[in-house]
A.B. asks: 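Pasting a structure below so you can have a look.
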Amino acid sequence: MKLLGTPTSPYVRKVRLMLLEKNIPHEYLIDPPREPGSLVVRVNPLGRIPALILDDETCVFDSPVIAEYVDTLNDNPMLIPRDDALARMRVKRWEALADGIMDSAIAVRNERLRPEEKQEPGNITLHNKAIDRALDFASINLVNNTWVNGEKISLGDLALFSTLVYLDLRQPERDWRAAHPLLLAWYRRVAERPSAKISLAEQ
Ligand SMILES: N[C@@H](CCC(=O)N[C@@H](CS)C(=O)NCC(=O)O)C(=O)O
């Protein structure tokens, strides 16, 4: 299978980390969707990354759907609980929280890329406040757990890690480390994993 993406996209990083954690053979192709000749627009009608192309040419999008699919390919480790409905919901909720932060961080970036006189400060504030609340929520719900969902690493960890890497890239002025020491201790634990080291080296 082929994963189309870019090293800065947090949604792509989430999926790439899953494939690495689960040791699933794949080709990782850097393919910015707006570049002329991009394969992305030909395989994903939405023109977005990540796009996962299976061996029979089926294109899987978007990242939560890819994550669900990839997790069924093997159980080493199982990153989305299957039988325990509550545990499954919690992991998917961590993913939604992380994806929501990504959405807001991208909205802020897009706003800031506009000419200054056309920027809407209210929109930037709205999204930054959502990020603030979501990081508070993550800290509170992490408690002293090793991983976001307790004793086992899950998709929630990979999604939240990808989000924080993206925040460091696009909002370096945001000092989430000082504000959230529990999150920092957890982040360092994820960053030590071979999958994270590979992914960070690709930036
Ligand atoms: N909800 C989608 C979001 C994917 C997304 O928006 N990806 C961005 C890159 S971070 C993208 O492809 N944007 C289109 C573009 O850059 O033209 C997912 O989870 O896969």
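Both counts, for ligands and for their atoms, begin at 1 and track the order of listing. The analysis underlying the following values was restricted to heavy atoms, covering all of them including side chains, and did not include hydrogens, waters or symmetry mates.
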A.B. asks: Counting both backbone and side chain atoms, is some N or O of Tyr11 under 3.5 Å from an N or O of ligand 1?
C.D. replies: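 Not met; the criterion fails.
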
A.B. asks: Please determine, by modelled atom types, if Ser199 and Arg16 share a side-chain donor-acceptor pair under 3.5 angstrom.
C.D. replies: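 No pair is found: no donor N or O on one side chain lies under 3.5 Å from an acceptor on the other.
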
A.B. asks: Looking at Lys92 and Glu68, is any side-chain nitrogen of the basic one under 4.0 Å from a carboxylate oxygen of the acidic one?
C.D. replies: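 A salt bridge links Glu68 with Lys92.
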
A.B. asks: Without swapping roles, check the side chain of Arg13 against the backbone of Thr8 for a donor-acceptor pair under 3.5 Å.
C.D. replies: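 It does not hold such a pair.
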
A.B. asks: Test the Arg177-Tyr187 pair against the cation-pi criterion, namely NZ or CZ under 6.0 angstrom from the six-membered ring centroid and within 45° of the ring axis.
C.D. replies: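 Because its charged atom sits under 6.0 Å from the ring centre and within 45° of the axis, Arg177 does stack over Tyr187.
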
A.B. asks: Under 3.5 Å, is there a donor-acceptor pair between the side chain of Glu111 and the main chain of Glu120?
C.D. replies: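 Answer holds: yes.
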
A.B. asks: Tell me, which protein residue and heavy-atom name are nearest atom 10 (S) of ligand 1, and how many Å apart are they?
C.D. replies: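 Sorting protein heavy atoms by distance from atom 10 (S) of ligand 1 puts Ser9 OG, 3.2 Å first.
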
A.B. asks: So for Pro64, does at least one of its heavy atoms come nearer than 4.0 angstrom to any atom of ligand 1?
C.D. replies: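 Judged by the 4.0 Å heavy-atom criterion, Pro64 does count as contacting ligand 1.
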
A.B. asks: Find all atoms of ligand 1 within a distance of less than 4.0 Å from any non-hydrogen atom belonging to Pro50, and give their numbers and elements.
C.D. replies: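 Going through ligand 1 atom by atom, the ones under 4.0 Å from Pro50 are 20 (O).
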
A.B. asks: Any nitrogen or oxygen of Ile49 lying under 3.5 Å from a nitrogen or oxygen in ligand 1? Just yes or no.
C.D. replies: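 Yes, since at least one N or O of Ile49 sits under 3.5 Å from an N or O of ligand 1.
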
A.B. asks: Are any of the N or O atoms of Arg34 closer than 3.5 Å to those of ligand 1?
C.D. replies: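 Yes; at least one N/O pair falls below 3.5 Å.
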
A.B. asks: I need the nearest protein heavy-atom contact for atom 1 (N) of ligand 1: residue, atom name and distance, please.
C.D. replies: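 So the nearest neighbour among protein heavy atoms is Asp62 OD2, 3.1 Å.
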
A.B. asks: Could you point out which residue of Leu29, Asn44, Thr58, Leu39 forms a side-chain contact (heavy atoms from CB on, under 4.5 Å) with Ile53?
C.D. replies: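 Result for side-chain contact (heavy atoms from CB on, under 4.5 Å) with Ile53: Leu39.
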
A.B. asks: Atom 14 (C) of ligand 1: which protein heavy atom is closest, and how many Å away?
C.D. replies: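 Checking every protein heavy atom, the shortest distance to atom 14 (C) of ligand 1 gives Gly47 O, 3.8 Å.
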
A.B. asks: Show which atoms of ligand 1 fall inside a sub-4.0 Å distance from at least one heavy-atom site of Ser63.
C.D. replies: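 Taking each heavy atom of Ser63 in turn, ligand 1 has 18 (C), 19 (O), 20 (O) under 4.0 Å.
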
A.B. asks: Consider only side-chain N and O atoms of Trp94 and Asp157, and report whether a donor and an acceptor are under 3.5 Å apart.
C.D. replies: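 Short answer, no.
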
A.B. asks: Do Arg48 and ligand 1 have an N or O pair less than 3.5 Å apart?
C.D. replies: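 No, since none of the N or O atoms of Arg48 sits under 3.5 Å from an N or O of ligand 1.
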
